[in-house]
**Q** 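Before I ask anything, here is the structure I am working with.
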Amino acid sequence: MGNLPGTRVRSTVIAGALVALAAALLTPGSANGQSTAGTFSTAELKTAREAVLEADVTGTAWNVDPATGKVLVSVDETVSAREIRHIRRTAGELTGALEFERIPGELETAAELRETADEAEPFVKGGEYIYGIDTKASLGFNAAYNGQDYFITAGHCTNDVSRWYLDPSLTTYIGPTVASSYPGNDYGIVRYDNATIPRPGTVRCGQNEIDITGSVEPRVGMPFSIAGYNCRAATVQAVNVTVNLADGIVHGLFRSNACAAPSDSGAASFTGNLALGLLSVGSASCTTSGITYWQPVNEVLTAYGLTLT
C-alpha cells in the first residue's frame with residue numbers, strides 16, 4: 001500500500017534526549033501555559049480534532065475523552081517529540097484542549113502485525129479464518145441482501161484480495177470481493193459463490209457458537225467478546241476515534257483494551273447476541289499490548305443495505 005503525503009520528519013537526536021523531551025511534551029497543559037482545568041465547548045473540541053487531522057502525523061489516534069472534556073491524542077512509539085510539537089502548533093490557541101498519551105508499539109492494521117503460529121482450519125462463520133493470495137484474515141459476520149449471501153470483513157484486506165478461499169492452499173473457493181471501503185472506513189463485502197459452503201449466522205467463541213440476532217452501537221464502558229479460537233473479553237474505551245496510519249486515515253472507530261494478533265483483521269466483536277464491530281487496527285501483537293481499534297458494524301450494514309443472518 002502507498003503512503004499518503006504527510007508531515008513526518010524523523011528526528012536524529014540522541015535517543016535519551018528525545019525520550020525526555022517527548023515525556024515533557026506529553027504532560028497535559030505543558031505547552032503555552034494552558035491550564036489543565038480549562039473547559040472547552042463542543043465547537044472548540046471539534047476544531048481541536050480537525051487540527052490533529054490537519055497535522056497529519058502517522059501513528060496517532062484521537063477522540064474526545066468525556067472524562068476530561070479534552071481531545072485525547074494517542075501517539076505510538078514512532079511519533080517523535082518534533083511531531084508532537086507540530087500537532088500542538090497546528091492546534092494553536094486550542095493546544096490546551098489536547099491531552100497526549102504514549103501507547104506501546106506501532107499503530108498498524110491487524111494484517112501487518114508480526115505473524116504467529118497457525119491455528120486450526122476454519123469453517124465459515126464469524127471468527128474463522130479466510131484466505132486470499134498472500135493473505136490470511138478473519139471473517140466478521142455473515143449477512144444477506146435481496147436473497148444473496150455475503151460476509152463482512154476488514155476493508156484493508158478486501159482492498160488487496162479479489163478472490164477468497166476456505167483453506168490456505170486456496171483450493172476451496174468461497175467467492176469474490178464485491179465492495180471495499182478503505183481508508184476512510186475499514187470494511188469490505190465478499191459474495192458467497194460456492195453453494196456447498198454452509199454460512200450460519202453464528203460466531204465462534206472458543207469451542208462454542210454464539211447465535212447473532214442483531215447489532216448494536218458501541219458505548220464507552222460496554223463489555224464485549226472477540227470471536228475466534230480464543231474468545232477474548234474486552235471493554236469499549238472510546239468511540240468516534242480517528243486513526244492516522246501509514247496508508248491512510250480511518251474515521252469513526254471505537255477503541256478497546258483488547259490485543260490483536262496477525263490474521264485477526266476483520267475479526268468479529270459482539271456483546272451478548274448482538275454484533276458490534278470488525279477489527280481494524282492494533283498497536284502491537286498480543287504479547288506486548290492491549291489496544292485495538294474497531295470498525296462499527298452498523299455502518300457497514302447501513303452502507304450496503306445488509307441484514308445479518
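Keep in mind that what you see is a predicted model, and the values were worked out from it rather than measured. Hydrogens, waters and symmetry mates play no part in the numbers below; they use all other heavy atoms, side chains included.
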**Q** Can you spot which of W164, Y173, F151 makes a ring pair (Phe, Tyr, Trp, His ring centres under 6.0 Å) with Y192?
**A**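 When W164, Y173, F151 are each tested with Y192, the ring pair (Phe, Tyr, Trp, His ring centres under 6.0 Å) holds only for F151.
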
**Q** Is the backbone N or O of L107 less than 3.5 Å from a side-chain atom of D76, with the two atoms forming a donor-acceptor pair by type?
**A**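 Checked: pair present.
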
**Q** Please give me the minimum heavy-atom distance between L278 and G140, naming the atom from each residue.
**A**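 So the minimum-distance heavy-atom pair works out to CD2-CA, 3.7 Å.
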
**Q** How about I84 and V73: do any of their side-chain heavy atoms sit closer than 4.5 Å?
**A**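 A side-chain contact under 4.5 Å is absent here.
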
**Q** Between CG of L276 and CD of Q295, what distance do you get to the nearest 0.5 Å?
**A**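 With rounding to 0.5 Å, CG (L276) is 11.0 Å from CD (Q295).
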
**Q** Do the side chain of T60 and the main chain of V75 share a donor and acceptor less than 3.5 angstrom apart?
**A**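 Checked: no pair found.
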
**Q** Give me the atom names and distance for the closest heavy-atom approach of G59 to V79.
**A**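 That would be O-CG2, 3.5 Å.
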
**Q** Minimum heavy-atom separation for F254 and P218, please, with both atom names.
**A**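 For F254 versus P218, the nearest heavy atoms are CD2-CG, 3.6 Å.
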
**Q** Any chance you could lay out the side chain to side chain contact (heavy atoms under 4.5 Å, CB included) test for Y293 and D186, step after step, and finish with the verdict?
**A** CA-CA 11 Å; Y293 298 88; D186 194 2; over 6 Å; no

**Q** Hey, mind stepping through R49 and N240 against side chain to side chain contact (heavy atoms under 4.5 Å, CB included) and telling me if it holds?
**A** CA-CA 11 Å; R49 284 175 58 100; N240 196 24; 3.9 Å; yes

**Q** Would you say that more than 12 heavy atoms from the other residues, nucleotides or ligands in this model lie under 6.0 Å from the CG of D134, or not?
**A**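 No - once you tally the heavy atoms of other residues, nucleotides and ligands closer than 6.0 Å, there are 12 at most.
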
**Q** Between I103 and I291, which heavy-atom pair has the shortest distance, and what is it?
**A**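 That would be CG2-CD1, 3.4 Å.
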
**Q** Counting C-beta onward and ignoring hydrogens, is there a side-chain heavy-atom pair between R199 and T309 closer than 4.5 Å?
**A**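 The answer is no, as the side chains (C-beta and beyond) never meet within the 4.5 Å cut-off.
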
**Q** Could you go step by step and tell me if W294 and I226 meet the side chain to side chain contact (heavy atoms under 4.5 Å, CB included) rule?
**A** CA-CA 11 Å; W294 301 75; I226 303 169; 3.7 Å; yes

**Q** For the backbone of A51 and the side chain of T90, can you confirm whether one donor and one acceptor N or O come within less than 3.5 Å of each other?
**A**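 Not a single qualifying donor-acceptor pair exists.
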
**Q** Over 60° means perpendicular and under 30° means parallel, so classify the ring planes of Y304 and Y187, tilted if in between.
**A**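 Judged by the thresholds at 30° and 60°, the geometry between Y187 and Y304 is perpendicular.
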
**Q** For residues V57 and L94: do they belong to one hydrophobic cluster (side chain heavy atoms under 4.5 Å, members Ile, Leu, Val, Met, Phe, Trp, Tyr)?
**A**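 Same hydrophobic cluster.
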
**Q** Quick one: are R219 and V236 in side-chain contact, heavy atoms under 4.5 Å?
**A**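 When only atoms from C-beta onward are counted, V236 and R219 do not touch, as no gap falls below 4.5 Å.
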
**Q** Do the side chain of E299 and the main chain of P296 share a donor and acceptor less than 3.5 angstrom apart?
**A**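 No: the side chain of E299 does not pair with the backbone of P296.
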
**Q** Under 4.5 Å between side-chain heavy atoms, counting indirect links through other Ile/Leu/Val/Met/Phe/Trp/Tyr residues: same cluster for V190 and L166 or not?
**A**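 Yes.
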
**Q** Take I249 and H251 through the side chain to side chain contact (heavy atoms under 4.5 Å, CB included) test and state the conclusion after the steps.
**A** CA-CA 7 Å; I249 296 173; H251 302 279; 3.7 Å; yes

**Q** Once you round to the nearest 0.5 Å, how far does CG of N142 lie from OG1 of T307?
**A**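 Spacing of CG (N142) from OG1 (T307) equals 13.0 Å.
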
**Q** Can you hop from L279 to L308 via hydrophobic side chains spaced under 4.5 Å?
**A**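 No; tracing contacts between hydrophobic side chains, which count when under 4.5 Å, never links both residues.
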
**Q** Is the shortest heavy-atom distance from the side chain of F141 to the side chain of V300 under 4.5 Å?
**A**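 A side-chain contact under 4.5 Å is absent here.
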
**Q** Measuring from atom CD of E106 to atom CD of E77, what distance do you get when rounded to the nearest 0.5 angstrom?
**A**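 It comes to 9.0 Å.
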
**Q** Are the side chain of T95 and the backbone N or O of E93 linked by a donor-acceptor pair below 3.5 Å?
**A**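 A pair under 3.5 Å: no.
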
**Q** Are any non-hydrogen side-chain atoms of R232 and D264 less than 4.5 angstrom apart?
**A**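 When only atoms from C-beta onward are counted, D264 and R232 do touch, with a gap below 4.5 Å.
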
**Q** Hydrophobic cluster membership, with links at side-chain heavy-atom distances under 4.5 Å among I/L/V/M/F/W/Y: are I212 and V297 in one?
**A**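 Hydrophobic grouping puts I212 with V297.
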
**Q** Which pair of heavy atoms, one from N63 and one from A238, lies closest together, and at what distance?
**A**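 Looking at all heavy atoms of both residues, the shortest contact is ND2-CB, 3.3 Å.
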
**Q** With rounding to the nearest 0.5 angstrom, report the CG to CG distance, N244 to L53.
**A**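 Reported value, rounded in 0.5 Å steps: 7.5 Å.
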
**Q** What closest approach, in Å, do C205 and I210 show between heavy atoms, and which atom pair accounts for it?
**A**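 The answer is CB-CG1, 3.8 Å.
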
**Q** Check this for me: L170, atom CG, are more than 12 non-hydrogen atoms of other residues, nucleotides or ligands nearer than 6.0 Å?
**A**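 Enclosed: over 12 neighbouring heavy atoms sit under 6.0 Å from CG of L170.
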
**Q** May I ask you to test the K46-E50 pair for a side-chain heavy-atom distance under 4.5 Å?
**A**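 In short, these two side chains touch, coming nearer than 4.5 Å.
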
**Q** Atom CG in L306, atom OG in S215: separation rounded to 0.5 Å?
**A**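 Result: 11.0 Å between the selected atoms.
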
**Q** If you define the side chain from C-beta out and look only at heavy atoms, does anything of V250 sit under 4.5 Å from V281?
**A**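 In short, these two side chains do not touch, never coming nearer than 4.5 Å.
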
**Q** What is the distance from atom CH2 of W62 to atom OG of S74, rounded to the nearest 0.5 Å?
**A**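 Going from CH2 on W62 over to OG on S74, the span is 10.5 Å.
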
**Q** Just by distance, with hydrogens left out, do S180 and T158 show a side-chain donor and acceptor under 3.5 Å apart?
**A**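 There is such a pair between these side chains.
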
**Q** Just by distance, do the side chain of T302 and the backbone of N298 share a donor-acceptor pair under 3.5 Å?
**A**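 Here the side-chain-to-backbone pair exists.
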
**Q** Treating Ile, Leu, Val, Met, Phe, Trp and Tyr as nodes and any side-chain heavy-atom pair under 4.5 angstrom as an edge, say whether L45 and L72 lie in one connected cluster.
**A**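 No, no single cluster joins them.
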
